[in-house]
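Okay, structure first, notes after.
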There are 2 protein chains.
Amino acid sequence: MTCESGKMFFQIDSTNGIPVYEQVARQVTFAVANGALQSGELVPSVRQLARELAINPNTVARAYRQLQDQNILESRRGTGMVIANGARPICKTERTRILRERIGYVIDEALQSQLTKEEIQKLFQSELGKKRGK
Amino acid sequence: MTCESGKMFFQIDSTNGIPVYEQVARQVTFAVANGALQSGELVPSVRQLARELAINPNTVARAYRQLQDQNILESRRGTGMVIANGARPICKTERTRILRERIGYVIDEALQSQLTKEEIQKLFQSELGKKRGK
DNA sequence: CCTACCGTACTAGAACGCTATTACACCATG
DNA sequence: CATGGTGTAATAGCGTTCTAGTACGGTAGG
C-alpha cells in the first residue's frame, strides 16, 4: 500500500509483521525528522488518512496517540493534530534509534548464521547497490 | 533466551516480533547451511527442545513441520526427525534468501527516512563495528 | 444556529501466534 | 510384551493487532 497525503508520502506493508500503527507513526516521525513536516503544521486527519490507506480509523488514531505520548503531535480538538513545538530533535533522535535497532537485529541474525563480518558486509553492499536513491 | 542442545546453539527472542516457530526453523536451517548439522543426523526432539527453550512443544512441532515441507527434515515416527538428504544446498539457498530479504527491508526503511545511501552505509558500519565476531 | 469535520472513547469480533493439555500411533529397548 | 520416548493431532484459552460500528464533545464556517 502506498499513497500521498498532503506533504506526506506513506508506504504501508500489512504483510511484513510490523504493526500498521507503528508503520504510520514511524513515517510521520521520519517526515518530521527530515523537515517535510514542520512544527505547527496539520497532519492528515484520522479519518482521511484511514480512507486513503484503506485501514481502520482506530489504527491511525492509535498511531497518533503514540506520537502524542512522545510529544511529537499535539491534539487540537475539533481542528486536527499538529506537529508539536520541539518535535524535530525528538524525531531525529527517534529516527537514528529505530534504524540502529533494525540494523543491529539484521547483523545479529547474520552473525548467528556463522557468516563472517566480511561476508555480511558484502551482502549488504550487494543489496544497497540494487536500490536506487542518492 | 539462549540454550545449547546437541550440536545446535539456539537463541530465541520472543519480544522482537518474529514468530518463535520461524526463529526455530531459521536456526536449524542456518545450522545445516554451515555444516553444523549433516544429513541423517537427529535433530533435538520436539519435547526436549521445547523444554530447553521454555516454549510449547506445539511451537517446536510447527517449526519442524515447516522444515519438513521444505524437504529439510524427514520424520521417522517413533524415532525422531533427521536432516534429509540434499538438505544442505536447500539451506544454503534459504540462508542467503532470508538474509538478503531482511537486509533489503532495513535498507528500504532507511531510504524512506530520506537518508542517503552514504549515510545508511555509515550507520551500518557503525553497528557492525559494535559487534564482535570474525 | 447548524452543519460538517475534527479528536476521542467504547464495545464487539476476527485473525494470528502462542500456551496448556490431552490423546493416539509408532518404534526402540529391555 | 511392556515401557518409554518419538511425531502428530485436536481442543481450549490468552494476548495482541486490526477491523467495524457507534457515540459524544469541540471547533470552524456558512
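Protein chains get the first letters and strands the later ones, always in sequence-line order, with residue 1 at the start of each. All of these numbers come straight from a predicted model, not from anything done at the bench.
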TODO: State whether B:R97 and B:E101 are salt-bridged, where the test is any N-O pair (Lys NZ or Arg NE/NH1/NH2 against Asp/Glu carboxylate O) under 4.0 Å.
DONE: yes

Open item on the list: Counting the atoms with a prime plus P, OP1 and OP2 as sugar-phosphate, which does A:E22 contact under 4.0 Å by heavy atoms, base, sugar-phosphate, or nothing?
Closed with: nothing

TODO: Starting at atom OH of A:Y64, determine the distance to atom P of C:dC6, rounded to an integer number of angstrom.
DONE: 11 Å

Task: Backbone of A:D13 reached by a side-chain donor or acceptor of A:Q23 within 3.5 Å - done: yes

Task: Distance, rounded to the nearest Å, where B:L53 contributes CG and C:dG17 contributes C1' - done: 16 Å

Open item on the list: Which nucleotide wins on minimum distance to the side chain of A:Y21, given the candidates D:dT17, C:dC6, C:dG17?
Closed with: D:dT17

TODO: Look at the side chain of A:P19 and decide which nucleotide, out of D:dT17, C:dC18, D:dT8, has an atom nearest to it.
DONE: D:dT17

Task: Protein-nucleotide distance (A:R51, atom CZ; D:dT19, atom P), rounded to Å - done: 15 Å

Open item on the list: Of the options C:dA9, D:dT17, D:dT27, whose atoms approach the side-chain atoms of A:N58 most closely?
Closed with: C:dA9

Open item on the list: Using OP1 and OP2 only, check whether a side-chain N or O of B:S45 sits under 4.0 Å from D:dT6.
Closed with: yes

Task: Candidates C:dG7, D:dC18, D:dG7 - which lies nearest the side chain of A:R77 - done: C:dG7

- [ ] Would you mind reading off the distance between B:L49 atom CG and C:dC18 atom P, rounded to a whole angstrom?
- [x] 14 Å

Open item on the list: Can you tell whether the side chains of A:K122 and A:E119 come within less than 4.0 Å, N to carboxylate O?
Closed with: no

- [ ] Report the residue (A:A54 or B:V46) whose heavy-atom-nearest nucleotide on DNA chain D is the more 5′ of the two.
- [x] B:V46

- [ ] State which residue, out of B:T93, B:I90, B:L67, fulfils the side chain to side chain contact (heavy atoms under 4.5 Å, CB included) condition with B:T29.
- [x] B:L67

Task: Polar side-chain atom of A:S39 near backbone of A:A84 as donor-acceptor pair, under 3.5 Å - done: yes

Task: Closest nucleotide among C:dT19, D:dT19, C:dT8 to the A:I55 side chain - done: D:dT19

Task: Per B:T79 side chain, nearest of listed nucleotides C:dA28, D:dG7, C:dT8 - done: C:dA28

Open item on the list: D:dT19, OP1 or OP2 - any side-chain N/O from A:T59 closer than 4.0 Å?
Closed with: yes

Task: Listed nucleotide nearest any side-chain atom of B:R47, set D:dA28, C:dC24, C:dA20 - done: C:dC24

- [ ] State whether B:R62 places a side-chain N or O below 4.0 Å from either non-bridging phosphate oxygen (OP1 or OP2) of C:dG17.
- [x] yes

Open item on the list: Donor-acceptor pair, distance only, cut-off 3.5 Å: does the side chain of A:R76 make one with the backbone of A:M81?
Closed with: no

Task: C:dC18 OP1/OP2 closer than 4.0 Å to side-chain N/O of B:S14 - done: no

- [ ] From the options C:dA28, C:dC18, D:dG7, select the nucleotide whose nearest atom is closest to the side chain of B:M81.
- [x] D:dG7

Task: Whole-Å gap separating C1' (C:dC5) and CG (A:L42) - done: 12 Å

TODO: Quick one: label B:E74 by what it contacts on the DNA or RNA (base, sugar-phosphate, nothing), any heavy atom closer than 4.0 Å.
DONE: nothing

Open item on the list: Distance check needed: D:dA28 P versus A:R76 CZ, whole Å only.
Closed with: 10 Å

Open item on the list: Rounded to whole Å, how long is the line connecting atom CG of B:D13 with atom P of C:dC18?
Closed with: 12 Å

- [ ] Mind calculating the distance between CZ (B:R65) and C1' (D:dA10) to the nearest angstrom?
- [x] 12 Å

Task: Phosphate OP1/OP2 of C:dT8: any A:Q68 side-chain N/O under 4.0 Å - done: yes

